[in-house]
Amino acid sequence: MTHACLRLVKLRPVDDHCHLVADDGAPGLDLRGDEARDVLARAAPLFARVLAHRPGVLRALSIDPRARRLLATVAVDGAAKPAVVRVDGDAFDALLATHRELWDELGARYRARRPAT
């Protein structure tokens, strides 16, 4: 399965920040402000799936297609540390397939604003 052009995506809804890293070694791309908020809004269905496993406030989510892994940190009321949600292997493949449109959108945004190498 191909995964656009991205090696790693980090989404931080608490900071309105997205970081996209290509798999060709080019510099990463940071999205902030309205563009980041738009991406985070499009990621809301993915966030809801993660929060269905561990209710709380989603702090950060990373997607690593090479490792076939999604990691998320969720702040839980009364907990001293955030909880970690991990999805990997076949479950990761299924989750990414369900949210393919988001992944393709992230790849297109990266290609459109690709940093100079």
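Computation of the quantities below employed the complete heavy-atom set of this structure, encompassing side-chain atoms and omitting hydrogens, waters and symmetry-equivalent molecules. The chain is numbered in sequence order, starting from 1.
- Every residue meeting the side-chain contact (heavy atoms from CB on, under 4.5 Å) condition with D90, not counting sequence neighbours, appears here in chain and number order: R68, D93.
- Here the shortest heavy-atom pairing between G107 and L6 reads N-CD1, 3.7 Å.
- Under the side chain to side chain contact (heavy atoms under 4.5 Å, CB included) test applied with L46, the options L96, I63, L58 reduce to a single match, I63.
- Here the CG atom belonging to L106 is positioned 11.0 Å from the CD atom belonging to E101, to the nearest 0.5 angstrom.
- Listed here is the closest heavy atom pair of P82 and T73: CB-CB, 4.3 Å.
- When side chains are defined from C-beta on, R111 counts as touching C5, because their heavy atoms get closer than 4.5 Å.
- Taking every heavy atom of both residues into account, R59 and A75 meet most closely at CD-CB, 3.8 Å.
- If you take CZ on R37 and CG on D34, they are separated by 4.5 Å, rounding to the nearest 0.5 Å.
- Shown here for L40 and H17, the closest heavy-atom pair between the two residues is CD1-N, 4.1 Å.
- At a threshold of 4.5 Å between side-chain heavy atoms, the hydrophobic network of Ile, Leu, Val, Met, Phe, Trp and Tyr places L70 and L51 in one connected group.
- Rounding to the nearest 0.5 Å gives a distance of 9.5 Å between OH of Y110 and CZ of R7.
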Report task. Tell me, with the steps shown, if E35 and R113 meet side chain to side chain contact (heavy atoms under 4.5 Å, CB included). Result -> CA-CA 12 Å; E35 189 171 20; R113 293 204 34 227; 2.3 Å; yes
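- Connection of V76 to L61 is established within a shared hydrophobic cluster, with ILVMFWY side chains joined at heavy-atom distances below 4.5 Å, either directly or through further cluster members.
- Annotation: side-chain contact (heavy atoms from CB on, under 4.5 Å) contacts of A91 (sequence neighbours excluded): V87.
- A chain of hydrophobic side-chain contacts below 4.5 Å, direct or via other Ile, Leu, Val, Met, Phe, Trp or Tyr residues, connects F92 to L102.
- Between the side chain of D24 and the backbone N or O of A26, at least one donor-acceptor pair lies under 3.5 Å.
- The side chain to side chain donor-acceptor pair (under 3.5 Å) analysis of residues 38-49, with sequence neighbours excluded, yields the pairs D38-R42, D38-R109.
- Taking the side chain as every heavy atom from C-beta outward, V21 and V9 never approach each other to under 4.5 Å.
- Under a hydrophobic clustering in which Ile, Leu, Val, Met, Phe, Trp and Tyr are joined whenever their side-chain heavy atoms come within less than 4.5 Å, directly or via other members, V50 and L71 fall into different clusters.
- Taking CZ of R66 as the reference point, atom CG of D23 lies at 5.5 Å (rounded to 0.5 Å).
- What you find for P45 and A41 is that their closest heavy atoms are CD-O, 4.3 Å.
- F47 is connected to W103 through a chain of hydrophobic side-chain contacts under 4.5 Å among Ile, Leu, Val, Met, Phe, Trp and Tyr, so both are in one cluster.
- Across all non-hydrogen atoms, the minimal contact from V85 to R54 is CG2-CB, 3.6 Å.
- To the nearest 0.5 angstrom, C18 atom SG is 9.5 Å from R32 atom CZ.
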